[in-house]
There are 2 protein chains.
Amino acid sequence: MSGAMVTRSRSEELLFLTDEQLRQGIELMFFAYRDLTSEPDEILAVQGYGRAHHRAIHFIKRRPGITIAGLLAILKVTKQSLNRVLRQLIDDGFVESTPGQEDRRQRLLRLTAKGEVLESAVSNVQRDRLRRAYSEAGPEAVAGFRKVLERMIDPDMRATALNLVGDDIA
Amino acid sequence: MSGAMVTRSRSEELLFLTDEQLRQGIELMFFAYRDLTSEPDEILAVQGYGRAHHRAIHFIKRRPGITIAGLLAILKVTKQSLNRVLRQLIDDGFVESTPGQEDRRQRLLRLTAKGEVLESAVSNVQRDRLRRAYSEAGPEAVAGFRKVLERMIDPDMRATALNLVGDDIA
DNA sequence: GATTTATGTCAGCGTTATTGACTAATCGCA
DNA sequence: TGCGATTAGTCAATAACGCTGACATAAATC
């Protein structure tokens, strides 16, 4: 009889997830995300740029040679929204767009030297914050942090989020 | 001589935080935050509401009786921005605003019964997602998740984020 | 009584996102 | 070869949401 009790899964065993605990987790995400993005926002505001530019620069840095379609799939915004931002970045010389070799309809996006400088300035403050948090929390906490975040992401985006796809494709 | 080596702090001992690791952490935050907020956004869009309404409803639910100033301090937006959102929520009967008893200049904000229903619908999908992630990742991962997030938040907002202040004040 | 504080409101602006419609170049296949 | 699908770029209109500045009102505090 008591045997039935010990067949509980690990999640049932130790996790009693109250409303309060979950709400607190949601708030932690809200505050952490806001503070993680506030400093980059300020730096980019000087150029007249916003968070949309930040996101584009970030993913072009991470996936040089990414196509428009690839960027659209990651950002999940419309073509029109992305186009305005990209137009500015290209016109201002931060991003270069070259036709694909195999498929010449595609536009392959890369940061220019100027773009690398801007990206670096922006991502430095962000990485400093995360590095500090990681260091203070310790390696085991970092592993847990990553584990939970991964599982919060829609399954179909997890591979993308973890860079399990090639660096130069979408 | 070797004694000097073992006095390294825990963070120096095991954490070799590469650029790549940190950038991946930043992306995890981006994807997780987006997916955590996308479903609530869709639900609220039916009412013609957006994320700003969601945030207001969330914090009024969590801190019933909060003042305008308290909400402004948490959300870090301007009075004018918040007012537009709050005006709609009050006019539509989701939020009630009553003068403070001690300080009658203050407006104490609470959800109405109708507001509770909306809040519940919205927060349910969000809590379901987080509960699933917590369960799959396990208790230790959850502890690490919380630990890192706390340390990402600006120090002056940590107490607020962790609800270390009274529920009915700011 | 004068000042400060808490709140509300008006007008205007900019960014970022949306939808819809359309063009142009290129690719792939029948 | 030619037609449909794909990739990208663009124009126009709309909306949410943030901002600044200016101003009004009521109430608390000194």
Side-chain angles (χ1 to χ4, degrees), chain A residues 30 33-34 37-38 40-58 60 65-92 95-109 169-170, chain B residues 30 33-34 37-38 40-58 60 65-92 95-109 169-170:
Chain A
F30 166 74
Y33 187 78
R34 187 185 60 184
T37 52
S38 62
D41 283 358
E42 283 170 29
I43 291 175
L44 289 166
V46 178
Q47 322 275 331
Y49 291 168
R51 195 168 299 176
H53 302 83
H54 182 194
R55 293 195 280 254
I57 289 172
H58 173 92
I60 293 172
I66 192 173
T67 64
I68 303 285
L71 207 44
L72 287 175
I74 287 176
L75 299 177
K76 287 189 181 168
V77 297
T78 59
K79 182 178 51 167
Q80 294 89 330
S81 294
L82 178 60
N83 190 258
R84 179 171 20 86
V85 168
L86 229 38
R87 189 75 268 136
Q88 290 177 274
L89 290 172
I90 292 170
D91 289 347
D92 296 345
V95 169
E96 63 172 8
S97 165
T98 59
Q101 294 177 350
E102 296 172 3
D103 187 336
R104 286 188 300 178
R105 291 171 302 180
Q106 296 180 331
R107 297 292 178 273
L108 307 186
L109 304 170
I169 57 171
Chain B
F30 166 73
Y33 186 78
R34 186 185 60 185
T37 52
S38 63
D41 282 357
E42 284 171 28
I43 292 174
L44 289 166
V46 178
Q47 323 275 329
Y49 292 167
R51 194 167 300 176
H53 301 83
H54 182 193
R55 292 195 281 253
I57 289 172
H58 172 92
I60 293 172
I66 191 173
T67 63
I68 303 284
L71 208 43
L72 287 176
I74 288 176
L75 299 177
K76 286 188 180 166
V77 296
T78 60
K79 182 177 54 168
Q80 295 90 329
S81 294
L82 178 59
N83 191 257
R84 179 165 16 93
V85 168
L86 228 38
R87 188 74 267 137
Q88 290 177 275
L89 290 171
I90 292 170
D91 288 348
D92 296 346
V95 169
E96 63 173 7
S97 165
T98 59
Q101 294 177 348
E102 297 171 3
D103 186 337
R104 287 188 299 178
R105 290 170 305 182
Q106 296 181 332
R107 298 291 178 274
L108 306 185
L109 305 170
I169 58 171

Quiz item: If you take all heavy atoms of A:Ser97 and A:Ile90, which pair is closest and at what distance?
Solution: CB-CD1, 3.8 Å

Quiz item: Roughly how far, to the nearest 0.5 Å, is the CD1 atom of A:Ile68 from the CG atom of A:Leu109?
Solution: 4.5 Å

Quiz item: Of the residues in residues 76-87 of chain A, which ones touch DNA chain C at a heavy-atom distance under 4.0 Å?
Solution: A:Lys76, A:Val77, A:Thr78, A:Gln80, A:Ser81, A:Arg84

Quiz item: Rounded to whole angstrom units, what separation is found between the NE2 atom of B:His54 and the C1' atom of D:dC17?
Solution: 16 Å

Practice problem: Kindly assign one of parallel, tilted or perpendicular to the pair A:His53 and A:Tyr49, based on the angle between their ring planes and the thresholds 30° and 60°. | Solution: parallel

Self-check item: Among A:Glu42, A:Arg55, A:Arg51, side-chain hydrogen bond (donor to acceptor under 3.5 Å, both in side chains) partner for A:Thr37
Solution: A:Arg51

Quiz item: Under the side-chain contact (heavy atoms from CB on, under 4.5 Å) criterion, do B:Ile74 and B:Ile66 qualify, and how do the steps go?
Solution: CA-CA 11 Å; B:Ile74 288 176; B:Ile66 191 173; 3.9 Å; yes

Quiz prompt | Toward the 5' end of DNA chain C, by each residue's nearest nucleotide, B:Ile68 or A:Arg104 | solution = B:Ile68

Quiz item: Looking for any heavy atom pair under 4.0 Å, which part of the strands does A:Glu102 touch: base, sugar-phosphate only, or nothing?
Solution: sugar-phosphate

Quiz prompt | Under 4.0 angstrom between B:Arg55 side-chain N/O and D:dG18 OP1 or OP2 | solution = yes

Quiz prompt | A:Leu71, A:Leu72, A:Leu86 screened by side chain to side chain contact (heavy atoms under 4.5 Å, CB included) with A:Lys79, the one that passes | solution = A:Leu72

Quiz item: Looking across every strand, which nucleic acid part, if any, lies under 4.0 Å from B:Gly48 by heavy atom: base, sugar-phosphate, or nothing?
Solution: sugar-phosphate

Self-check item: Of the listed nucleotides C:dA6, C:dT26, D:dC17, the one nearest the side chain of B:Gln106
Solution: C:dA6

Quiz prompt | Any donor-acceptor N/O pair under 3.5 Å between D:dT6 base and A:Arg105 side chain | solution = yes

Self-check item: N/O (side chain, B:Arg107) to phosphate O (OP1/OP2, C:dG8) under 4.0 Å
Solution: yes

Quiz item: Is A:His53 near enough to C:dT16 that one of its side-chain N or O atoms lies under 4.0 angstrom from OP1 or OP2?
Solution: yes

